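Structure first, then comments.
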Amino acid sequence: MSVLDLDHVFFLLIVNIGIAVLWGNRPFVGKILTLLYILEGLSILTSYHVLLSGAVLSSSLTFTVMQQTVQWQLGVSGGFFALITFMAAGLATWFSSGVWARSYAPIRLLHSYMALNVAAMLLLLASNDFLGLFIAWELVSLVSFLIIAINGGRSAKAAYSYILYAFLGAMAILLALIIIWNATNSFSYVEVRHHWSTMSVNRQLIVVLLLITGFGIKMAILPFHRWQAPAYAYVPAPVAAFLGAISSRMGLFALFIVLLQVVGIDVIQTLWLPFEIINMQTFLLWLAALTLIIPTFIALRQTDARLLLAWHGIGQGGFMLLGILSANALGTAGGIMHVFNHASYQAALFFAVFSVSYRTGTADLDRLGGLVTRMPISFTVMLVGIIGLAGLPPMNGFVSKWLIYKALLDEGMPLLFLAAVIGTLGTILSVYKLIHNTFLGQLRLEHENIKEVPWSMSIPMMILASIVFITGYFPGLLLESIAAMQSTLGISVVDYHLGGVNTGKGNLNMIVVVSTMLMAIGMGALIFFVLGNPRKQVTQWDNYAGGHFLTSDMRYQYSHNFYPGLMRVISPLYRNTIFWLESAIVSTVQFMAHISYALFMQANYLLYLILLVVISLLWVLAV
Amino acid sequence: MQDSLILLVVLPLLLAFLLPVIARYLGNLSGLTGSLLLLFNILLLANAWNSVGYSPKVILLGGFAAPLGIVFYIDKLNMLFAILTTIIALLLWPCRTHNTDVREYVLWLLLLAGCYGVILSGDLFNIYVFYELLAVASYGLVTLPATGASYIAGFRYLMISALGSAFALLGIALIYSFTGSVNIAHLAQIIPDHLHHIWGYSAALLLIIGFGVKAELFPVNFWVAEVYSHADKRVTALLAGVVSKIAVLIILRFIILLFPWQDIFNFLLLLGIIGVIVGEFAAFYAQDLLRLLAFSSIAQSGLVIIAFACATEAGIMAGIALAIHHLLLKPALFLLASHCDRSINDLAGLAKSSPWASALFVILALSLLGVPPLPGFWAKLLLLQSLMAEQYLLLLVLVLLATIVEAAYLFRLFMLFYQRQEMPEQKRITIQGQELYPVITLSGILLLGLFFLPLFMDSLREIAMQTSNIEAYINTVLGKVQHIGEGNI
Amino acid sequence: MMIWDDIFLEVDFWINIVSIALIVIGIYGIVFSQHLLRMVFGLGLLEAGVNILLVKAGYQKEAIAPIVTQASDTMMSNILAATAQMVDPVPQAMVLTAIVIAAGVQALALSLVIRIYKKYGTLDSHVLFLAMERDRHLSLNQKD
Amino acid sequence: MSGQHIFLELILMPLLAFMIGLFLVLMMRKVRARIERRVGPPFLQPLWDIIKLYVKKMQISHGVIHDLGIIMLLGGYITAEVFLPVPGMSGFTSQGDIITLIYLMMVPSLGLALGVGQCANPNGSIGISRALTAMLAYDIPFIVVIAGACLYYGTTDLTEIIALQKSQQWGLLSMPILALAGLIAIHAMLGKEPFEIYVAPAEIATGPMVEMSGKYLGSLFVMQCLQIYTITVLYTSLFLGGGYTWFDFIPKLFLVALLPVMITVIFPRYKTDDVLRWLWKWPTGLALLGLAIVVLQG
């Protein structure tokens, strides 16, 4: 069956946790942990061909409760996500293993929480039935809470709001599980799928909506998106990269498994919301599209680089969902591929932003500028990252987005295609603001002596940036496992090759595109450098400035309210409705709490007893 | 063999009356006799557990056969609660505290005798008598701190409890005047069919409200917050953990055997869910730890009542699981909180001064919340399943929403504990070793029990099966062939 | 007319009336009085009413005391015939117990009232409730 | 496709594009001049402009990214040229479809933005802010038009779209409303009045070009040629049936470029927010109408 069973990985994870908890403060431990994460990733990678053939890695751990045997098996989908997890965790730990750790006091907590997170996520990825899924889900929620709250203060507040949302989600999932159990008497995916149709249509609808709510909260789909950005922004750099890269994708993984493997997209397509107004699939697709557009345009307004990226993370989640729900081989492939792509460039971007704030002490976009000459590596990484995030060729973000666009067009959903493009355009605007306000423009006087971050921090960034480029150049590397995933799930399989996909109605060959681009850029460089006179380099403060002579102490940077024209048009659309709703719910709960407490605090409390007796006797008479 | 179980009730009573005399000779050591007694009880129960086996047994007191004679009914459910009561009482036994008043020992023993009596009695009036014994002892225990506030709380507790008892007695009077019997097995033959009218309902409601006072049933649970926050913490732990569950047990027996009518179930469901919601919300508002725990205890009792009110085998199983879980957990939480008896905001940074205690508190509270894979989750899962089996969807949603409110206040608490803010030196709180033994034992039982989860589930199902088997109850008490006349009807 | 006469002349009826009146008065006293002593007295009335109702459950018109006098008459059927003529003894036993319990509870309640009066100098339940809350508040905020 | 052919296409396409672009620019300037009753520039004026800028003595660079931005800008359009279908040379087109092409056309914008950003002149940044806003404005109707066309033809492959038009009829005839909307969109894309605020050629002090001198500006001129060529070819391929041969292809390109110029002169300039409002209202509405018709037609 399997070359290597999952126990080894679990064992390594336990070792990981042990080391992190016991010796997390020592300076060398970060390096050991990095190696361990890489080792875990490799141990899955070495047996990856087994997974690709459709087999599973299984663990010998198992327990039986309520006639249900819970065991752990890593399939190819789980393996794919696990690899991303190990990549993110390994590089994040690498980032924090050197100089960075000296400036961060609770480094032991960070290492331990990271190890716990990875372990819980692996449990989730390897779960094989709803019970195991739910247990792992709650564990993931709790350890995410820990890691989000790590900095105290603002991050603790964000973590609190996260855990409340997470509990709302968990309760929704629990309800769905109970309904499923009631109908099928089983928790295992196979059994549930088999007996799915024993549920009435209304029940099916409720269950699907509950599962979407529950798992969607983790990936912050629309009405539940408010918790995520502050939760992912106000944490230390490695945590932000790790969370932004993979944490909220656990929700996507669960949705992917549930909607595609257990429920089946064909069922989703035949379910109708009440009054037959809208198809379930269409409803979810539009939800995903809104999740893409609204957070993206919220990101456009941010002045804090970390918040900006975190909001984009939510928006890109909408992209993935859009792909997965499109019920199209290309779309599913794009959605899953986007998980990897997003993980790579989002981590790179968070590293770049946090490198800047590590050196300058701020991530406020109004207080930075011109750092490109001081931190060229961070700039390059950010450039690669934003091209990926914006989904422009030649980076990997383009490939997955292309697949999703193509799927939406092929399925005849032009408006959703438009929504996706609007999201991308908003992203381009927003990321240009990010790189402009951070690295371009005028250098501030106080940043004159800033240096590039040390190698221990820049190497992981560069690795991520090169991953972004390489998987953009050769998307077939990822498409191979995605195709395997699709064939194990029994949905239509994407026709891929190393350079991209063939659809017959419009192809993409990234090898050709990127090679042409490289050659074209070479030609451009040739034209630019060979023709004409040589250039003269001027200092960063030497520019036209309307004939006025600028000096370095003059603030001469266009950064705040970067798109005034656009904002004049769209700012009336920012209504803070969800914020308003959230605070309304909070006030309602507080009001109810006050009333309940006042109920108990009565001087003449015996009246209730009499009231109860009288009412119940009246009730008896009525009965 | 099982006849020796009478000793469970007899010995504490005997010792309670002898103890003042013994104390004159043994002094401080007299507390030890109580511990020894409880140890003996554990042995007794363990021995009996083996002999009870699968079929329930009956003890005829005074040699008269039921329904004329007084009986003790012994099945696994009763045994289980008796064992748990003994274990918790042993853990909470106040003998380690110095210069404990001998009266305290006496009251504890009386309380225990009452508990055992209530658990084992198969007779309505006996249950009432033992319940009163238990209640009177608890009034004494509540007022032991001898502060003004504890007197007032105790008085208010006494009034509502006495009123409840009077209602219960009224219910018994009603039942007796219609059936001429107080033997539960006998009544189980008569009431469900012959008293299915207004008087039967009235009697049912009076009994439920009467015993509901101790079971923390809404809305006769207004004493809970003040009593739990003013009484000695061991007493609080015992009341919240054991006594309330025993009262719920009585209600379970009533609704299974005597009043198996859907209207009564609905009534209990309604009270239960209101209790859950109001309890959680009040706990959300509570400004000090003890009140918070008290209100959460109300909510948990509400959950147990909901489970029992499903009145199916699955519901009984869920209710027993929840009850046992809460019975083991709440005493531990109250003991952990006993030195944090202050406004919640003063607890900021508690984890610095007492890291182990706060970690334990957090784990136990997570179990209370029902976070998998902690034991609370499995109990809650059983409850949800039984609710779903009866298609009580709305109830299910309310319970889950109440859990979110619970999560809100518990996590607020955790975040306060782990706030990275120094506590002023004079405000430092540590959980002292004395409370730690019972806490560690209880949480050890809970957490290690997790490894035997399938085993527990199986035995719980067995217990639930036995409990919901009305025929077996009647046959055991009255004998298989014996048919008693229909009384005064 | 005759029927009403019958009812009014029935002892049952009057016992019921008296006990229910006692119960209602007792409950009223407990719930609506602010004075602790009155509450205790109300409790006493309530208990008395319930007890009367309970003892009435065994009442039988023109029955004899439940004592089997003729030991020689060992025939089971005769005993059964005799019991049919007797008052049911069980409620009486129960009422005795209940009275004892009620007396105990009331004594305890009175002793608590004394303690409370010594501490606070008042027996007004509203005032005492506020005092209890104040004490709680003080103890929360000034400990150590 | 032989290796030689590939090489030929790679070299030839950008060159051809540049040359045709030069003539398109010339034509636009000429036509505009004639409408304004001027004579207009001589035949090789656009080329001379570029050569003049390239051979200027002082070439001021504001840093590596300044250069890199210009190179990215040129490279992006050169790539786009390679993937455009023209008569006889569409070997690359099937390797990247129309969606790829749209996104390739966004790369130069990013390059320009990066280059200008490095100049550290806030006026340049303001110009970029306007340019990107305008991109958001005109891309939305344009995308709806593309979506409608792709939906109508059932493919995103440009060569297939052209082949379908050859066998059936031109897109202009089958989707007239979409074609009209597309025309307005490319008018805005070309940065002609009334949508010229982001180029703002009249007030060079606030616009992307503020720090562009010498061959930097020359490269922008090259870019302009390539841009006009790209847009016209794209429109031609979608709605005018592409080209059978170069002889009917080039007139079509000129026709497409001519239409905006014919009407542009009479307009004043919109503010940025007005550009947004207008483009999101009229052409987008038209395009959505066209899309609805396409969808309803089946």
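Nothing here was measured: the structure is a model prediction, and the numbers come from that model. Here is the naming used below: chain letters follow the sequence lines, and residue numbers restart at 1 for every chain.
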- Task: Measure the spacing between OG of B/Ser150 and NZ of C/Lys119 and express it to the nearest 0.5 Å.
- Result: 8.0 Å
- The reported gap from CG in B/Leu133 to CD1 in C/Ile101 (rounded to nearest 0.5 angstrom) is 8.0 Å
- Query: Which region of C/Val100, side chain (C-beta onward) or backbone (N, CA, C, O), has a non-hydrogen atom less than 4.5 Å from a non-hydrogen atom of chain B, or is it both or neither?
  - Reply: neither
- Item | Close side-chain approach of B/Leu169 and C/Asn51, heavy atoms under 4.5 Å | yes
- Query: Quick one: what part of B/Ala153 sits under 4.5 Å from any heavy atom of chain C, side chain, backbone, both or neither?
  - Reply: both
- Query: For C/Glu133, is it the side chain, the backbone, both, or neither that has a heavy atom closer than 4.5 Å to a heavy atom of chain B?
  - Reply: side chain
- Measure the spacing between CG of C/Leu36 and CE of B/Met159 and express it to the nearest 0.5 Å. 8.5 Å
- Item | Interface moiety of C/Ile27 toward chain B, non-hydrogen atoms closer than 4.5 Å | side chain
- Query: Under the side-chain contact (heavy atoms from CB on, under 4.5 Å) criterion, do C/Leu112 and B/Tyr157 qualify, and how do the steps go?
  - Reply: CA-CA 11 Å; C/Leu112 276 179; B/Tyr157 172 44; over 6 Å; no
- Note on the structure: Of the listed C/Met39, C/Gln106, C/Arg134, the one with the largest count of heavy-atom pairs under 4.5 Å with chain B is C/Met39
- At a heavy-atom separation under 4.5 Å, does C/Leu128 approach chain B through its side chain, its backbone, both, or neither? both
- pair C/Leu123-B/Phe155: side-chain heavy atoms closer than 4.5 Å: no
- Evaluate the side-chain contact (heavy atoms from CB on, under 4.5 Å) criterion for residues B/Tyr128 and C/Met94: first the C-alpha distance (whole Å), next the side-chain angles of each, then the deciding distance (0.1 Å), finally the verdict. CA-CA 10 Å; B/Tyr128 167 75; C/Met94 293 199 291; over 6 Å; no
- Message: Within this structure, what is the CE-OG1 distance for the pair C/Met132 and B/Thr147, rounded to the nearest 0.5 Å?
- Response: 10.5 Å
- Message: Using heavy-atom distances under 4.5 Å, tell me whether B/Gln287 contacts chain C through its side chain, its backbone, both, or neither.
- Response: neither
- Message: Pair C/Val113, B/Tyr151 - check side-chain contact (heavy atoms from CB on, under 4.5 Å), show working.
- Response: CA-CA 8 Å; C/Val113 168; B/Tyr151 286 143; over 6 Å; no
- Minimum heavy-atom distance between B/Leu170 and C/Val50, given as atom pair plus value: N-CG1, 3.7 Å
- Item | Reported CZ-to-CZ distance for the pair B/Arg156 and C/Phe129, which is rounded to 0.5 angstrom | 5.0 Å
- Query: When only pairs under 4.5 Å are counted, which of C/Val95, C/Leu43, C/Leu53, C/Val55 shares the most heavy-atom pairs with chain B?
  - Reply: C/Leu43
- Task: Kindly check if the number of other-residue, nucleotide or ligand heavy atoms within 6.0 Å of CZ (B/Arg412) is above 12?
- Result: yes
- Query: What's the spacing between C/Leu54 CG and B/Ser177 OG if we round to 0.5 Å?
  - Reply: 9.0 Å
- Task: Would you sort out whether B/Ile152 and C/Tyr120 count as a side-chain contact (heavy atoms from CB on, under 4.5 Å), showing the intermediate values?
- Result: CA-CA 10 Å; B/Ile152 299 169; C/Tyr120 291 97; 3.4 Å; yes
